[in-house]
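Accompanying notes for the structure given below.
Convention: sequence-line order gives letters A, B, ...; per-chain numbering from 1.
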Amino acid sequence: MKISYDPALPITDRHDDIAAAMRDHQVVVVAGETGSGKTTQLPKIAYELGRRAIAHTQPRRIAARSVAKRLADECEVDLGAEVGYAVRFDDQTSEATAIRLVTDGLLLAELQRDRQLSRYDTVIIDEAHERSLSIDFLLGYLKQLLPRRPDLKVVITSATIDVERFAEMFDAPIIEVSGRTYPVEIRYRPPAETGADDELDAIAQAVSELPNEGDILVFMSGEREIRDATDYLNGKKYPRTEILPLFGRLAAADQQKIFSNHPGRRIVLATNVAETSLTVPGIRYVIDPGFARISRFSQRLKVQRLPIEPISQASASQRAGRCGRVADGICIRLYSEEDHDSRPEFTDPEIQRTNLASVLLQMASLDLGDIKDFPFLDPPDSRAISDGINLLYELGALDAKKSGGRGLTKIGRRMSTLPTDPRLARMLLAADKLGCLGDVLVIVSAMSIQDPRERPLDRQQAADEMHRRFREPDSDFLSYLTLWKYIREMRDELSSSAFRRLCRDEFLHWLRIREWHDVHSQLRRTAKEMGLKPGTVGADPDRVHQALLSGLLSHVGLRDTDGREYLGARQAKFMIFPGSGLAKKPPRMVMVAELVETGRLWGRTAAKIQPEWVEEAGAHLVNHVYSEPHWSRRRGAVMAREKVLLFGIPLVADRLVQYGRIDPVVSRDLFIRHALVQGEWRTHHEFFAANQRMIAGVEELEERLRRRDLRVDDETLYAFYDQRVPADVVSTRHFDSWWKQARRKDPDLLTFDPAMLSDGPADADEEFPREWHSDGESYPLTYAFEPGMQDDGVTVDLPVDRLLTVDDRAFDWHVPGHRVELVTELIRSLPKRLRREFVPAGQFAPRLVEAMAPSAPDLSEELARQMRLLNGTIVSADDFDFESLPPHLRVTFRVVEDGVELARGKDLATLRRELSSHVRADLTKVARQEERTGLRSWDVGTIEPTITAGQVTGYPALVDEGSSVALRVLDTAAEQSVAMVKGQARLLSYALPTPVPQLGRALDLHAKLLLSTGPHKDAAAVIEECWLAALESLVVRHGGPVWDEVMFGLLHETVRAEAYDETEQAVHAVIATLQALGEVTPLPSTEAGEDVRVQLSWLIYPGFIRDAGVAQLRRFPLYLQAAKRRLDAPLTDDLLATQDLEARFHARTASLSTWARLAPEVQHVRWALEELRLSLLAQNLRTAFPVSVKRVTALVDAL
DNA sequence: GAGCACTGC
């Protein structure tokens, strides 16, 4: 290796000083401007000193490559031999390599494998003044490492700015090397002083000020400003002048133009890319408006901001330096010198401007301890550190927020081994779990690089059109996949030159596509080495998005219900970037890959997502807010409304959840209060029923005794349960499983002690009895303590058939418990002249009550008798005014039938009148109905010999439940006919086959309708309608399967209308037919009991039944047609094909009408009853119908 | 309704 030094280079003069310093010090700082030769000469000096493992870092890959090439040339060795370079995707080094050019990022990454940097004896950190994250981290790391590696030499080079700080940090000597650049004249031209209208005008004025020869570099802050300026300057039509834009996202071909030869003058309008990354050749003049977009991290919203800011003095001098490389230069600053001098000296180092998650993750995986103790040159502030920690926690890389960045999780450790941004690394790990790593590798790689889609200034529309082919409706991420597949396909099909041409024609950036591919391969390889399973692309898009989401939880947004703006984390408001496929139709909820604040906050690369995904992926971050905890009797648990929020974004607005696991204390409290204390629970636990009974008993006692102070309060009951029910019982389910065990030990644990409930009097049942005994019958009594209300006091239930016969005088006595009060009030109700003989009434009353004979039939007479006996006052029974008594001292009558209340009141005579007039009204209607329809009601007299007022024997007993109020109460034949109809209706419903009780009820209802039907309807028509409605409602409700039953019910009804002696036979015939068709199973109606009902019902009102039956028979073909529509076609066809079935029914219709006209009803009754008896006897079905064989036999005998 | 520039086992 040839080591020689170019005497023309300024550094050569300091060669010996530098060599000496490196010998004597572990760290040396070399300060020198561009052109000093430090970059190429320093490694040679180190080599000369015997150093054979030199790492020499550069901020950019391209620099590492070109420095290595130049060095290899100078040393006359092959690149990759003694001198080599290693950058991402490209390692040109070998065993022999002594000088290794690397990017600082790569050296940093090497730490993961080689914590001591043991493969190097020398590290040169070049361009340290750039202060990238990597450089700052490396410097801090070296500071810690050097004491442990005394043999390691470090050289730090920097532009002459701020070198003292590096020297101080390492206690190192500074060797200054002069630059070899041409002088640059600085002119300050603030727009205010030149009279320029705006920045563009100021630029134009500066251009005019400069000579016509020599290229000009103008620094702009962004793409849009460059576009505006290009248009503006083109408009000036400078002679022989070419205007060229230059910025990072520029199409490759356009960027290359700055390197091409050109006639005349060139004005390059560039972003900061020209300040460090790209050297524009041949620049003589610089125009510097003094602004740049600087990336900053927003403290409040935790997003990246790109504000336009005045640049620092260091940046300004860097810009000026761009025109002193080939000859003397002029730099025109469009601001004043005072402005310049007042600006910050240096641009803030990157570590103070970005999220620290990535650094923190690396530090944690390198076990570097607390970041606060790490020797950063410019330590990040504590808020920035906690932001970084929070992001790592969000990603699941740290297990707790408060471990100072330590406490790396398994996921975190694996993330740190993936060479990509923490968010992206998280996505890869999630993808592996979800089985979509193949797809996510492609997407993550795309997100790691600059957008491969080009958008040349002058052909934006054409480019957009080309790119639109890859667009996916709900996801920009999927567009990457589509593009990837397309590129893969094309690359396989085309030659490499054809492929490059395709890229150019279709606005794809070839170099970035290669980068995409390289990143993908590297990530895929690393993933495989980690044991992940990449697989292929083509997984379920939902899974892909769920994987991506786990890296983008704080980049979720919920759109305004009407608008385009999204509510993001921490109340950030953002919009989808216009370049996105989702910008026009923004979905309700999205995630975005990037959130960057420029003019406003933009979300770039977006996809539609589901809130449930966020809830799941962000389970460690979401907030649950609960409201309205309440007892749900149905669920047997406490329920609450749940709201789920992620960083303040509502994911779930209102969800009903079990509250037990959330707040067991409150839930248990509500469970005890509602389920146990208030009894809002349906359960079979014995203690519960017993306690309920006890409480009900006490409450009833309160009503009876007219007191409100007997029952213990709920708090006492609560305390009772609270002491016994364990803390973890928060619902009926918890209770049941606890009680299953607990009751074995003490079954009475939860049963109330009656003593604790009340201390009511022992003789309550005698004073306030639950039953009233009179005439050998007993009537239930109920009590109400509701002063002022009509029913206040005692109510007696009076069955309607006792209404006429009961002795109402007995009730004047009232219950013993109220008798003294009753007598007191009766005394007070006397006319004054009598009343004054018994003052005070309250003292006389007990004595009178004592003396009265409780067996006396009439209270008034007995009381009057006793009063006369007491002091000779002549009181008549009529002198007492019962009407004036307070309501609770007069019994209320409640007239009931089958437990249903018909009427109530305190005066029996009135009740009796009301009920009979009600029935008469019904009867009048029926009489008119009979006239209109010609239908005849049953002539009761012919079959019922023994109906008298209040006493009905024989027939009504037979009809049993079918009997009615009127039948039992009234005694005229006409009135009874109504009762017959009612009873018949009831029986009709019983007569139906049991599988269709709905039909039975429908007909019952219908019979009632019949009684009140309007003048335009006749009975047959109404019953017809009823049938149809019942059938339809049944079929609608139950569908096809029920249809069979309905059909059967129908047939049964129809057959029933035929001669009763054929009934059973006919039913069997029908069943047999249907069975032959494979449609029905035998139905219980074939049993004798059912048939008996059929016969009975039709005996009672044969005319009615006959007509209804005829109508139904006529309908039969219609029913069949309906059946055809509803049943499977083949079956129905078969059914319809059975022509003789239909014919038979028609024939029977005819015979039925003939028969009906001839047959005298009475005879049918006898006949039928005989039949019934025989049938019952023969089949020994004692319980088939609620009449016993004995009763039927008795009835037949009576007839 | 439109964004500075870099970098990585």
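The nucleotide whose nearest atom lies closest to any side-chain atom of A:A583 is, among B:dG1, B:dG8, B:dC6, B:dG1. The side chain of A:Q112 lies closest to B:dC9, out of B:dC6, B:dT7, B:dC9. Across B:dA2, B:dC9, B:dC6, the shortest atom-to-atom separation from the side chain of A:S277 is found for B:dC6. Here B:dT7 is the nucleotide among B:dT7, B:dC9, B:dG1 with the atom lying nearest to any side-chain atom of A:R60. Relative to the side chain of A:A109, the nucleotides B:dA2, B:dC4, B:dC9 differ in distance, and B:dC9 lies closest. Of the candidates B:dC9, B:dA2, B:dG8, the closest approach to any side-chain atom of A:T417 belongs to B:dC9. Distances from the side chain of A:V273 to the nucleotides B:dA2, B:dC6, B:dG8 place B:dC6 closest.
Looking at residues 116-126 of chain A, you'll see that no heavy atom sits under 4.0 Å from any atom of DNA chain B.
Taking 4.0 angstrom as the limit, A:R293 places none of its side-chain polar atoms (N or O) nearer than this to OP1 or OP2 of B:dA5. Between A:Q522 and B:dG8, a side-chain N or O to OP1/OP2 separation shorter than 4.0 Å is absent. OP1 or OP2 of B:dG8 lies within a sub-4.0 Å distance of a side-chain N or O belonging to A:R61. For the pair A:T103 and B:dG8, the criterion of a side-chain N or O lying under 4.0 Å from OP1 or OP2 is met. The shortest distance between the side-chain N/O atoms of A:T271 and the OP1/OP2 oxygens of B:dA5 is below 4.0 Å.
Rounded to an integer number of Å, the gap from CZ of A:R512 to C1' of B:dT7 is 14 Å. Taking atom CD of residue A:E127 and atom C1' of nucleotide B:dC6, one finds them 13 Å apart after rounding to whole Å. The separation between A:L361 atom CG and B:dG8 atom P is 18 Å, rounded to whole Å. The CE-C1' distance, from A:M447 to B:dT7, rounds to 18 Å in whole Å. What separates CG of A:L306 from C1' of B:dA5 is a distance of 10 Å, to the nearest Å.
A donor-acceptor pair under 3.5 Å is absent between the side-chain atoms of A:R564 and the main chain of A:P586, judged by distance alone. For A:R353 (side chain) and A:D348 (main-chain N/O), a donor-acceptor pair under 3.5 Å exists by modelled atom type. Using modelled atom types, no side-chain atom of A:H520 and backbone atom of A:S445 make a donor-acceptor pair closer than 3.5 Å.
Comparing A:T526 and A:F577, the nucleotide of DNA chain B nearest to each residue sits closer to the 5' end for A:F577.
Among the atoms of the strands shown, none is found under 4.0 Å from any heavy atom of A:R600.
Not counting sequence neighbours, the partners of A:E275 by the salt bridge (charged side-chain N to carboxylate O under 4.0 Å, His left out) test are A:R319. For A:Q255, the side chain to side chain contact (heavy atoms under 4.5 Å, CB included) partners two or more places apart in sequence, or in a different chain, are A:L246, A:L250, A:L278. Residues passing the ring pair (Phe, Tyr, Trp, His ring centres under 6.0 Å) test with A:Y480: none are found, sequence neighbours excluded. In this structure A:R227 satisfies the salt bridge (charged side-chain N to carboxylate O under 4.0 Å, His left out) test with no other residue, sequence neighbours excluded. A:F166 is linked by a ring pair (Phe, Tyr, Trp, His ring centres under 6.0 Å) to nothing, counting only residues two or more places apart in sequence or in another chain.
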